[in-house]
Amino acid sequence: MDDDYFSLNSILADNHKLSCTFTLDVPGLGYLEGGTENDIHEHAKVELPFWLAQTLSLNEFTTFPLPPPYTNRVKSALNASSQSVKLANLVGGNGWWYRWGRRIADVLDDEPQADLLNVLLKAFVNRLPALQDLSAHHASADHTLPENSGSSGEAFREGMEGDERELFAIGQDSGRLAKGWYDSNSGRKGGR
């Protein structure tokens with residue numbers, strides 16, 4: 001993950017909201033709840049952006065449950081058919097599912113952290129071959145013809161999250177470069 005302060009991808013990954021529960025009374029921050037109360041009381045639930053929730057959680061002011069994109073339901077869907085899960089839809093917008101998952105793992109205790117990191121790794125490893133095949137196909141395909149949007153490859157491509165889309169673009173570029181190199185060498189061999 002790009003943890004650079006000036007990275008837009010990092011900023012977008014840190015801007016997701018988490019439902020946090022305060023573990024103690026906090027005077028003067030009642031405005032975070034959106035109400036008229038001046039203080040936040042112990043056990044109050046507040047939606048906070050991840051960058052704030054992370055700091056408060058590391059300092060033991062708040063706790064938060066694992067966000068819905070990383071729950072057992074998603075884990076089961078990934079185990080059943082990782083390619084059919086639209087990761088981009090799980091985290092909204094362009095979706096940075098892997099990046100946000102890693103950021104959340106940084107805040108978790110040892111066992112939940114290891115579980116989440118294993119889910120992220122397993123999903124990536126299981127989806128990578130399909131991503132490589134699809135990018136190679138798109139690199140060599142004639143895109144002037146209409147594509148069959150009903151294919152499983154196209155459905156997978158539409159569900160790719162941000163990091164997967166970047167790898168897809170790199171795979172396409174690599175395929176085009178390899179094809180160009182092959183075609184240029186084939187022309188030389190035919191002229192001998």
Side-chain angles (χ1 to χ4, degrees), residues 1-26 29-34 40-131 155-170:
M1 155 117 190
D2 187 7
D3 289 328
D4 182 15
Y5 178 80
F6 297 105
S7 166
L8 289 178
N9 294 338
S10 190
I11 291 168
L12 290 172
D14 282 358
N15 203 34
H16 291 285
K17 299 260 183 171
L18 288 177
S19 179
C20 297
T21 303
F22 277 82
T23 58
L24 47 94
D25 291 338
V26 183
L29 290 181
Y31 63 88
L32 290 176
E33 285 185 292
I40 292 181
H41 299 289
E42 184 177 1
H43 304 295
K45 293 187 186 236
V46 180
E47 290 278 323
L48 298 172
F50 178 74
W51 60 267
L52 180 56
Q54 176 186 25
T55 302
L56 293 174
S57 183
L58 288 172
N59 290 302
E60 300 181 2
F61 288 107
T62 63
T63 60
F64 61 87
L66 205 55
Y70 306 100
T71 59
N72 286 333
R73 183 176 178 201
V74 173
K75 188 164 134 180
S76 296
L78 287 167
N79 286 337
S81 175
S82 64
Q83 296 171 22
S84 67
V85 179
K86 293 188 175 193
L87 296 180
N89 295 348
L90 293 176
V91 290
N94 289 329
W96 295 95
W97 188 78
Y98 295 107
R99 290 178 191 234
W100 193 40
R102 206 192 105 211
R103 297 287 289 154
I104 289 169
D106 290 342
V107 181
L108 299 175
D109 293 330
D110 292 339
E111 188 177 334
Q113 180 186 48
D115 289 344
L116 179 55
L117 291 174
N118 284 333
V119 168
L120 296 173
L121 179 62
K122 187 175 179 183
F124 184 76
V125 167
N126 289 339
R127 291 169 65 92
L128 187 59
L131 191 148
F156 175 68
R157 187 171 72 120
E158 290 170 6
M160 286 182 197
E161 62 86 64
D163 290 310
E164 291 173 335
R165 283 191 307 274
E166 287 180 1
L167 288 174
F168 180 78
I170 291 168

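Contact between Gly101 and Leu116 at its shortest, heavy atoms only, is O-CD2, 3.3 Å. Closest approach of Glu60 and Leu24 over heavy atoms only: O-CD2, 4.3 Å. When every heavy atom of His41 is checked against every heavy atom of Phe22, the shortest pair comes out as O-CB, 4.1 Å. The two residues Cys20 and Phe64 make their nearest non-hydrogen contact at SG-CB, 4.2 Å. The minimum heavy-atom distance linking Ala44 with Ile40 is given by the pair CB-CG2, 3.8 Å. The two residues Glu166 and Trp96 have their closest heavy-atom pair at OE2-CH2, 3.3 Å.
Put simply, the side chain of Val91 does not reach to within 4.5 Å of the side chain of Arg99, judged on heavy atoms. Contact of the Trp97 side chain with the Glu164 side chain is not registered, since no non-hydrogen atoms from C-beta on lie closer than 4.5 Å. Side-chain atoms of Leu90 and Tyr70, non-hydrogen and from C-beta on, never get closer than 4.5 Å to each other.
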Stepwise, does the side chain to side chain contact (heavy atoms under 4.5 Å, CB included) test hold for Gln113 with Val107? CA-CA 8 Å; Gln113 180 186 48; Val107 181; over 6 Å; no

Between Thr63 and Thr23, does a side chain to side chain contact (heavy atoms under 4.5 Å, CB included) hold up when you go through it step by step? CA-CA 7 Å; Thr63 60; Thr23 58; 3.7 Å; yes

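Taking NZ of Lys75 as the start and CG of Leu120 as the end, the distance is 11.0 Å to the nearest 0.5 Å. Annotation: the span from Arg127 atom CZ to Met160 atom CE amounts to 7.5 Å, rounded to 0.5 Å. Here CG of Leu78 is found 11.5 Å from CG of Asn72. Values are rounded to the nearest 0.5 Å. Taking CZ of Phe156 as the start and OG of Ser82 as the end, the distance is 7.0 Å to the nearest 0.5 Å.
Enclosure of atom CD in Glu42 by more than 12 non-hydrogen atoms of other residues, nucleotides or ligands within 6.0 angstrom is indicated. Atom CG of Asn59 is surrounded by more than 12 heavy atoms from other residues, nucleotides or ligands within 6.0 Å.
The side-chain contact (heavy atoms from CB on, under 4.5 Å) test with Leu66 is passed by exactly one of Leu18, Leu108, Asp115, Val74: Leu108.
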